[in-house]
Amino acid sequence: MKEYWTSLASLLGVFAFCQTIIQSLFPPHLRFLSLKFFSHFFHCFSSYCYFDITEIDGVNTNELYNAVQLYLSSHISVTGTRLSLTRAVNSTAFTFGLANNDTITDTFNGVNVLWEHIVTQRQSQTFSWRPLPDEKRGFTLRIKKRDKTLILKSYLDYIMEKANEIRRKNQDRLLYTNSRGGSLDSRGHPWESVPFKHPSTFDTLAMDPSKKNEIMEDLQDFVNGQGFYQKTGRAWKRGYLLYGPPGTGKSSMIAAMANYLGYDIYDLELTEVNNNSELRKLLMKTSSKSIIVIEDIDCSINLTNRKKNKNIGGSRGYYDSSVPEVRGVGGSEEGGGNSITLSGLLNFTDGLWSCCGSERIFVFTTNHIEKLDPALLRSGRMDMHIFMSYCSFSSLKILLKNYLGCEGSDLDESVLKELEDVVDVARMTPADISEVLIKNRRKKEKAVIELLEILKVRALRNENIGDEEQEKRALGSDSPRQESKIEDNCKEGEVEKEKD
C-alpha cells in the first residue's frame, strides 16, 4: 500500500513538472490558440453541434432562457430523484425544473435533442451598475448536425409558443375596469384590475350541451386561427353577442369563456367614457389574449335602432356624417356628459383602431336585442349571436348535478319524466331554479320535490293565460312570449343587415 502511494506521488510530481515546463516554454496566448485549434479539430469530426443559452445576455435577461425553463418543466416527471421547484409571481401553479448540471432528452418532429442545465460559480466581478448573480446559469442544446437546419428555428419558435401558453395558464387572470372619468392610475394606465376568481366553466354552465360544444369549438378555432386570419387579411379578433332574458347566465358564460381560454377580462363601462378619443385610448391599453366586455349595451348609452327614427332629419343617408351624436344617459346637447357616437363605437369594434393588438374577443350582452342598431349586429362586430334561453331539461340536469350532486340515475324515473314534461312549459331561468336548489341543498329529496311543484305551478299558469297583456302583467319581464319576440326581432335585424 505504501508503494502505491509513493508511485502516485511520483506521477503527480512528474505531471506538475511537465505543466511547469509547458507554461514556461509556451506563452498564454499560444496555449489558448492551441486549445482552440484542438477544440475546432475535434468538433470537425463530431456529429453534434451545441448551442448555449445563458440566463443573462450581457446585462439583460435572456427571454429564451426563461422560455426553455418553462418548456422543460412540462416534460419533467415529478417522480424524479432531484428537481428544482419554483412558483412565479402571480402564478397559480408550481413549476418543476432541471436541477443543476442535469440533462433531459426531448423529441421534436421525430428528432431527439439533449438539454443540459449548466450552473457554475461566477468569477469575482468588477464594479457594475447592475450586480450580477453569484451563479452563472444556462442551458446547452445538443443537436445532430444533419438535423440543425431542419428543426432548429421551428423548434425554438415552438418552445417560445409553449412557454407563453404555460405562463398564461399558470398566471392569475385579471378583471379590469376603466377608471372613473378616464383618470389614470399611478403607472399611467386607464384600467384598474383585481384578480379574477370566478369559478364558472363550461362544465358547470347550465346550457344545452350541443350549443356549448358549438361555442367551445368556435373559440378553439379562433385561438388556433392566427395563420388563417393572416392569410385572409382579417384582424385577429371575434365578436360575440349574448342576448336573452335576465338570469339566463350571460355573465357566467363570459366567465366560462375566460377560464376556458385563460384570457383576462376588460369590463368596459361606457358611461365612464367621455368621448370617442378616450374610447380609442382605452382600446390601445388592452392586452392581447383578452376579452373585452360591454354588458347591457342597450342600457349603458343610447344606441337605439335608427330604423325607428329614419324619418327624423329629412332624407339623410344611412351613414351620413351629419347624423347627430348618440349621447350617453347623462349627456346633454349643450355639452358635458358622455358624448360617444355610434360611429365611435363601431370603429372601436371593427375599425382601424380595433386592429391595434391581436387575439382579442369582444363580448356584448343585452336583454333587448330589438333595441340595438342593425349596424352593431352585423358580422365583423358581433360575429356569433348566442341566445341565452330559459332552462331546458338538459340544463336542469346540469344544475341538479352542480347544486345537489345528483346524476340522472340518482333520481326516480317518474320524477325525471315529470321534470322533463314541465320544465320547458314553465319557462324559468337558470337563476330562479338555482335559488330553489340553493335553499334546500342539504336536503336533496326536498329540493327536487319543491322544484317540481314550482315548475308545475309556473307551467299551469303559462298554459291557462291566453291573453298577452294578462300574461305580461303576471310574469313581468319574464313573459313566455318574450323569447319568441326576441328571436323575431333578431331575425328582423339580420334581414336589415343583409339589406345594408
Side-chain angles (χ1 to χ4, degrees), residues 31-89 91-125 130 132-171 223-224 226-227 262:
R31 294 200 304 271
F32 174 77
L33 290 176
S34 60
L35 289 174
K36 186 176 180 181
F37 170 77
F38 283 111
S39 176
H40 180 71
F41 177 79
F42 285 115
H43 278 299
C44 289
F45 291 94
S46 174
S47 59
Y48 295 97
C49 54
Y50 299 83
F51 301 91
D52 294 328
I53 303 173
T54 57
E55 180 182 15
I56 298 176
D57 183 14
V59 295
N60 299 318
T61 302
N62 189 354
E63 184 181 356
L64 183 57
Y65 174 87
N66 295 329
V68 171
Q69 193 173 36
L70 276 175
Y71 170 74
L72 293 180
S73 68
S74 63
H75 290 69
I76 298 175
S77 173
V78 181
T79 59
T81 56
R82 191 175 186 87
L83 300 171
S84 64
L85 183 62
T86 58
R87 179 171 181 173
V89 179
S91 176
T92 59
F94 294 97
T95 302
F96 297 89
L98 282 175
N100 298 349
N101 303 316
D102 202 354
T103 60
I104 186 174
T105 302
D106 188 27
T107 303
F108 179 74
N109 289 344
V111 176
N112 293 328
V113 300
L114 179 70
W115 287 99
E116 183 178 5
H117 190 208
I118 299 177
V119 180
T120 58
Q121 291 294 322
R122 192 181 298 275
Q123 297 179 355
S124 58
Q125 51 184 313
R130 180 186 176 185
L132 299 176
D134 295 333
E135 292 181 335
K136 185 178 180 181
R137 299 173 177 271
F139 287 101
T140 297
L141 172 62
R142 191 188 74 177
I143 303 178
K144 289 186 178 182
K145 291 182 178 179
R146 67 171 183 266
D147 300 327
K148 172 185 173 182
T149 57
L150 296 177
I151 71 162
L152 182 59
K153 185 180 184 306
S154 58
Y155 183 47
L156 295 179
D157 290 340
Y158 174 76
I159 289 175
M160 295 293 292
E161 180 181 350
K162 293 295 291 185
N164 290 332
E165 181 180 336
I166 295 172
R167 190 180 293 112
R168 186 175 68 253
K169 181 179 178 181
N170 292 343
Q171 281 182 344
V223 172
N224 300 329
Q226 182 178 11

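Just so you know, residue 1 is the first one in the sequence shown, and it goes up from there.
Aromatic ring pairs are classed by plane angle as parallel below 30°, tilted from 30° to 60° and perpendicular above 60°; the pair Tyr65 and Phe139 is tilted. Aromatic ring pairs are classed by plane angle as parallel below 30°, tilted from 30° to 60° and perpendicular above 60°; the pair Tyr158 and Phe108 is tilted.
With sequence neighbours left out, the side chain to side chain contact (heavy atoms under 4.5 Å, CB included) criterion links Glu63 to Met160. With sequence neighbours left out, Thr140 forms a side-chain hydrogen bond (donor to acceptor under 3.5 Å, both in side chains) with Asp52. Partners of Asn66 by side chain to side chain contact (heavy atoms under 4.5 Å, CB included), not counting sequence neighbours, listed by chain and number: Thr61, Gln69.
Note that CZ of Arg142 and SG of Cys49 are 10.5 Å apart. Values are rounded to the nearest 0.5 Å. Remark: Leu72 CG to Asp102 CG distance equals 11.0 Å, nearest 0.5 Å. In this structure, Lys136 NZ and Thr120 OG1 are separated by 6.0 Å, a value rounded to the nearest 0.5 Å. Here Asn109 contributes atom CG and Leu150 contributes atom CG; the two are 9.5 Å apart, rounded to the nearest 0.5 Å. To the nearest 0.5 Å, atoms CG (Leu64) and CD (Glu55) are separated by 12.5 Å. The OG1 atom of Thr54 lies 11.0 Å from the CD1 atom of Ile118; values are rounded to the nearest 0.5 Å.
Residues Tyr48 and Leu114 form no side-chain contact, since every pair of their non-hydrogen atoms from C-beta on lies 4.5 Å or further apart.
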Verdict with supporting geometry, Glu116 and Tyr50, side-chain contact (heavy atoms from CB on, under 4.5 Å): CA-CA 10 Å; Glu116 183 178 5; Tyr50 299 83; over 6 Å; no
CA sep, side-chain torsions, deciding dist, call: Asp106, Ile104, side-chain contact (heavy atoms from CB on, under 4.5 Å): CA-CA 7 Å; Asp106 188 27; Ile104 186 174; 6.0 Å; no
Stepwise side-chain contact (heavy atoms from CB on, under 4.5 Å) test for Trp115 and Ile53: CA-CA 10 Å; Trp115 287 99; Ile53 303 173; 3.8 Å; yes
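When every heavy atom of Arg167 is checked against every heavy atom of Leu70, the shortest pair comes out as NH2-CD1, 3.4 Å. What you find for Val119 and Arg137 is that their closest heavy atoms are CG2-NH1, 3.7 Å.
Here the options are Val113, Leu152, Val111, Asn112, the test is side-chain contact (heavy atoms from CB on, under 4.5 Å), and the partner is Asp147; only Val111 passes.
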